[in-house]
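Reviewing the structure listed below.
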Amino acid sequence: MKPAKIIMAGVALLSVNVVQAQERQNAAECELHIWPSLEIDGVHMGALGLFGAIGAAADASGRKSERASIADLMLQGLPADAQIEELERADVASALGLTGYRIIAEPAVPSKASAKADPALRQRREAIRAGLKTRNRLTSSAAPCYAELIGDRIFYVKTPLVSGTLNAGWTFRDFGRAASAKPSISSGEVKNSLKAFPPKTPDDLAAAQADLRAAYRADFAEWVTKKLRRSGVIEASTSR
């Protein structure tokens, strides 16, 4: 090969490497911060709940311990790390139109009950809630392309007329690809049926937890479809 051709080939290869390095750097700068939610609760309404306020009060009183048990089982099956795992299984970044974004798991949003008992948790919960009322980032990250996914309430409900469902919601704040950009914001809640939760016996616990996690993952996929894609939120965000 002639020297001139060798030089040109070297320049072309160098250009390709520079572009690839720049693409990797850009991808590394993109961040999706995720806050799981510990606002987890459940209610199993009996037949009395269908008979007005008095019946509902009597039913709630009689099922108080059962509700606490359901909440405990939900916390066991969907702790913060399990929520992150299920979102990653759902390919959360790509689903939100943020392919290549680095996922950063933030400490979970404390529940209202835990915040009442612990001043530090109360301060953290209040800071997150106050931050969501602004159009500023919840973290100090200066990444030029940046987004936030904040878990809202996770709630189990079963009534005499409706089989058990898992309700879950999120708030999505996409700051786009400019460090000074203000976010596009979308939030909402969806639900999916549960088949094996709550467990009837200790032997059913593993199946019930798997059912809970699958329903949570299905909730996320449905939320993206119904709340983001149909309203054009993802397309609008990713085009910026």
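Along the sequence shown, the residues carry numbers beginning at 1. Because the structure is predicted, anything quoted here is derived from the model rather than measured.
Although no hydrogens or angles enter the test, the distance criterion places no donor-acceptor pair under 3.5 Å between the side chain of S94 and the main chain of D91. E148 places a side-chain N or O within 3.5 Å of a backbone atom of L138 that can act as its donor or acceptor partner. In this structure, Q83 contributes its side chain and S37 its backbone to a donor-acceptor pair below 3.5 Å. Judged purely by atom type and a 3.5 angstrom limit, D118 has no side-chain atom pairing as donor or acceptor with the backbone of A115. Remark: side-chain polar atoms of D211 are paired, donor with acceptor, to backbone N or O of A196 under 3.5 angstrom. In this structure, T134 contributes its side chain and A130 its backbone to no donor-acceptor pair below 3.5 Å.
For the residue pair S186 and L228, the shortest heavy atom distance occurs at OG-CD2, 3.3 Å. The two atoms that bring L38 and A108 nearest to each other are CG-CB, 3.7 Å, heavy atoms only. Here the shortest heavy-atom pairing between D219 and V190 reads O-CG2, 3.1 Å. Across A208 and P199, no two heavy atoms sit closer than the pair CB-CD, 3.6 Å. Nearest approach of S193 to A215, heavy atoms of both residues: O-CB, 4.2 Å. In terms of heavy-atom proximity, G176 sits nearest to Y101 at O-OH, 3.9 Å.
Note that CG of L212 is 5.5 Å distant from CG of L166, once rounded to the nearest 0.5 Å. Atoms CG and CE, from D41 and M74 in turn, are 7.5 Å apart once rounded to the nearest 0.5 Å. To the nearest 0.5 Å, atoms CG (L149) and OG1 (T171) are separated by 8.5 Å. A distance of 8.5 Å separates CG of L87 from CG of L96, quoted to the nearest 0.5 Å.
Comment: E189 does not engage K227 in a salt bridge, judged by the lack of any side-chain N to carboxylate O separation of less than 4.0 angstrom.
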Start with the C-alpha distance between I84 and I34, add both sets of side-chain angles, then the distance that settles side chain to side chain contact (heavy atoms under 4.5 Å, CB included), and finish with yes or no. CA-CA 8 Å; I84 295 295; I34 301 177; 3.6 Å; yes

Check against side chain to side chain contact (heavy atoms under 4.5 Å, CB included), T139 and Y146: CA-CA 10 Å; T139 75; Y146 175 93; 2.9 Å; yes

Between I154 and I40, does the side chain to side chain contact (heavy atoms under 4.5 Å, CB included) criterion hold? Intermediate values first, please. CA-CA 5 Å; I154 301 173; I40 298 176; 4.0 Å; yes

Output, in order, the C-alpha distance, side-chain angles, deciding distance and verdict of side chain to side chain contact (heavy atoms under 4.5 Å, CB included) for K182 and F175. CA-CA 6 Å; K182 296 301 181 181; F175 289 76; 5.9 Å; no

For R213 and E85, what are the C-alpha separation, side-chain angles and deciding distance, and is it a salt bridge (Lys or Arg N to Asp or Glu O under 4.0 Å)? CA-CA 9 Å; R213 291 177 64 140; E85 288 174 7; 2.6 Å; yes

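A donor-acceptor pair shorter than 3.5 Å cannot be found between the side chains of S187 and D152. In summary, the side chains of D72 and S69 do not present any donor paired with an acceptor at a separation below 3.5 Å, with no hydrogens or angles considered. Judged purely by distance below 3.5 Å, without hydrogens or angles, the side chains of E106 and H33 pair a donor atom with an acceptor atom.
Each of F155, Y156, W170 was scored for a ring pair (Phe, Tyr, Trp, His ring centres under 6.0 Å) with Y216, with one residue passing: W170.
I185 is listed as a side-chain neighbour of R135, based on a closest heavy-atom distance under 4.5 Å.
Sequence neighbours left out, the pairs with a member in residues 121-132 that pass side chain to side chain donor-acceptor pair (under 3.5 Å) are E39-R125.
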